[in-house]
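Below is one structure, written out as structure tokens, with a few remarks after it.
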Amino acid sequence: DSRIQYERVGADVTMKCGSMDWDAAVTWTANGTDIDDSHLNGSYLILKNVDLTRSGQYSCYEGSSWHLKYQTYLKVGVPPKEPVLMCRSNNYPKGFYCSWHLPSPTYIPNSFNISVIHGTREMVCEKDIFPKNRCHIRYLQLFSTVKYKVTLTVTNALGKNSTTLTFDEFAIVKPDPPESVVAKPVPNNPRRLEVAWQNPSSWPDPESFPLKFFLRYRPLILDQWQHVELSDGTSHTITDAYAGKEYIIQVAAKDNDIGTWSDWSVAVHATPWTEEPKHLTTEVQITETTSTSTSSFMPPPTTKICDKGAGVGSGAVAVCWTAGLVLAAYGVLFI
Amino acid sequence: MAAADTPSAALRRRDLCSRGIRLARKMRSDVADLLDIYVEQQGLDASISVAAVEGVPVAAADRWDEQTGAQRLLDNLAAYRAFRALLAQMLEELREELGSADAALGQALAAVLLQVSAFAYHLEELLQLESRGPPAEEGSGLPAPPHLSLFEQKLRGLGVLRELAQWAVRSVRDLRQLAKHGSGSGPASGPAES
């Protein structure tokens, strides 16, 4: 019959060939390959100081008949180290979740058990289907001064370990980052960028539990961020952008009254509007003799080259070659 | 049901709620500072656990989202009236213990007491608007203070301030719900619903 045997890395392992006598003639195989007699003590298989490569199926056959007398699956591993546990509420006031992982692998199966205690009350942490190292709890009470105590125990065949977190309701509140951040130039305003975003979709009731926001922005050519804190609204106009410079912008969110700031949102890039240099446009038009339309105020060549036709300050990712000339000219002025 | 559901009453309610929210947030900030001073001056460990203290209104609420606006106001008013008496008691005990030696703590405590009184008055105004009128205060509001050792008094004080800090946060949320839903029945779908 088939069995599994767990052993620690570094252990000495002795396997008996079922009910066979010590002096019986046997053959041992590991994953179908005969094992050298040097590992045998009579009919016992001796594996010294096992490492992970020793994991596998071990079989013992009676010498003459080749009857299978014993079979086991050896799994070499280690007991679990103290797990890493984190709890957070990104959907306050609905509840919170806890997630965990092991700092290093054990190489054998582990099981996790989590307990959540609030005062005298034991609460149920419902395991998520995905990811499987996470569970969530609904708040049964709000505004309590009583701390939550969460204990995670990890167990495998070679040992167990645990960790405990204690926290109060407000401390773990951390929203997800704002979503759908968009930054656009403002027509005819070379120093402005309009930024808009949305509340994270996981925040259940932004009207009753409003978020405040922190916006940071900098031109790509500089390392230092500018910061703006906004107590309401989901948009902001940057009014001190360097003309013609591409900016990187991010937003973070926090409950107005409790908890900590979210991680930064996905970064967006935008360049403020710049005026089309008319003299340059005219020169370029003269050099293009065949491909332009008939209007005397033709759209500048940049419109054809760029994907978005509103001119240089369209916010498009692509940089037109003529705009590059303009930017280079501005760069000389500003750097 | 509140009779004051006219547009002007609704505007007045929103205005009072907004002001109340600002008062509560300022109060919370000052209570946080007071807690720091209190813990330091009283020689306590900030992380010490304090069991529930008799007579201190507990901010924790089950089914908070299902409360009506009127219930929120009444609960808040009862709480702040109790805190008013508790803080006055603490101030008296502090004066007996320290005389006038610790001006900073005494001043901070007195300032918070003033804010608590102001907030209680503000809640009474809101209740008037809801045509309910504030309930009469019950006698001195608190039973006679239990006889406690000095250390027990300090722990009790810590419990009072911590609970007050929670109430300040809860009051902001309560007033926001009140501004949103009025004083009638609770919201159609509260945040705790899936």
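These figures come from a predicted structure and were not determined experimentally. Naming: A, B, ... by sequence-line order, numbering from 1 per chain. Scope of the values below: all heavy atoms of this structure, side chains included, with no hydrogens, waters or symmetry mates.
- Other residues, nucleotides and ligands place more than 12 heavy atoms under 6.0 Å from the CD atom of A/E229.
- Shortest non-hydrogen contact noted between B/Q166 and A/S144 is NE2-O, 3.1 Å.
- For CG of A/D223, the number of neighbouring non-hydrogen atoms (other residues, nucleotides, ligands) closer than 6.0 Å is 12 at most.
- Heavy-atom distances place both the backbone and the side chain of A/N256 under 4.5 Å from chain B.
- In the displayed structure, A/K212 atom NZ is contacted under 6.0 Å by more than 12 heavy atoms of other residues, nucleotides or ligands.
- By the 4.0 Å N-to-carboxylate-O rule, B/K180 lies close enough to A/D205 to be salt-bridged with it.
- For a residue to count as touching a neighbouring chain, one of its non-hydrogen atoms must lie under 4.5 Å from one of that chain's; by this rule A/E169 does not touch chain B.
- Open room surrounds CZ on B/R63; 12 or fewer heavy atoms of other groups in view lie less than 6.0 Å from it.
- Here the two rings, on A/F209 and B/W64, have centers that are under 6.0 Å apart.
- Scanning both residues, A/S208 and B/Q177, for their nearest heavy atoms gives OG-OE1, 2.6 Å.
- Taking CG of B/D174 as the reference point, atom CZ of A/F143 lies at 6.0 Å (rounded to 0.5 Å).
- The parts of A/L142 that come within reach of chain B are both its backbone and its side chain, each placing non-hydrogen atoms under 4.5 angstrom from that chain.
- Using a 4.0 Å cut-off between charged side-chain N and carboxylate O, B/R173 and A/D255 make a salt bridge.
- In terms of the side chain to side chain contact (heavy atoms under 4.5 Å, CB included) criterion, residue partners of A/D240 (sequence neighbours excluded) are, by chain and number, A/R191, A/Y217, A/Q226, A/I238.
- The environment of B/E125 atom CD is dense: over 12 non-hydrogen atoms of other residues, nucleotides or ligands sit within 6.0 angstrom.
- A salt bridge is absent between B/R28 and A/D257; no separation between the charged side-chain nitrogens and carboxylate oxygens falls under 4.0 Å.
- Legend: residues meeting disulfide (SG to SG under 2.5 Å) with A/C125, ordered by chain and number and at least two apart, are A/C135.
- The two atoms that bring A/L140 and B/D62 nearest to each other are O-OD1, 3.3 Å, heavy atoms only.
- Contact tally against chain A (heavy-atom pairs below 4.5 Å) for B/G159, B/A59, B/A61: the top residue is B/A61.
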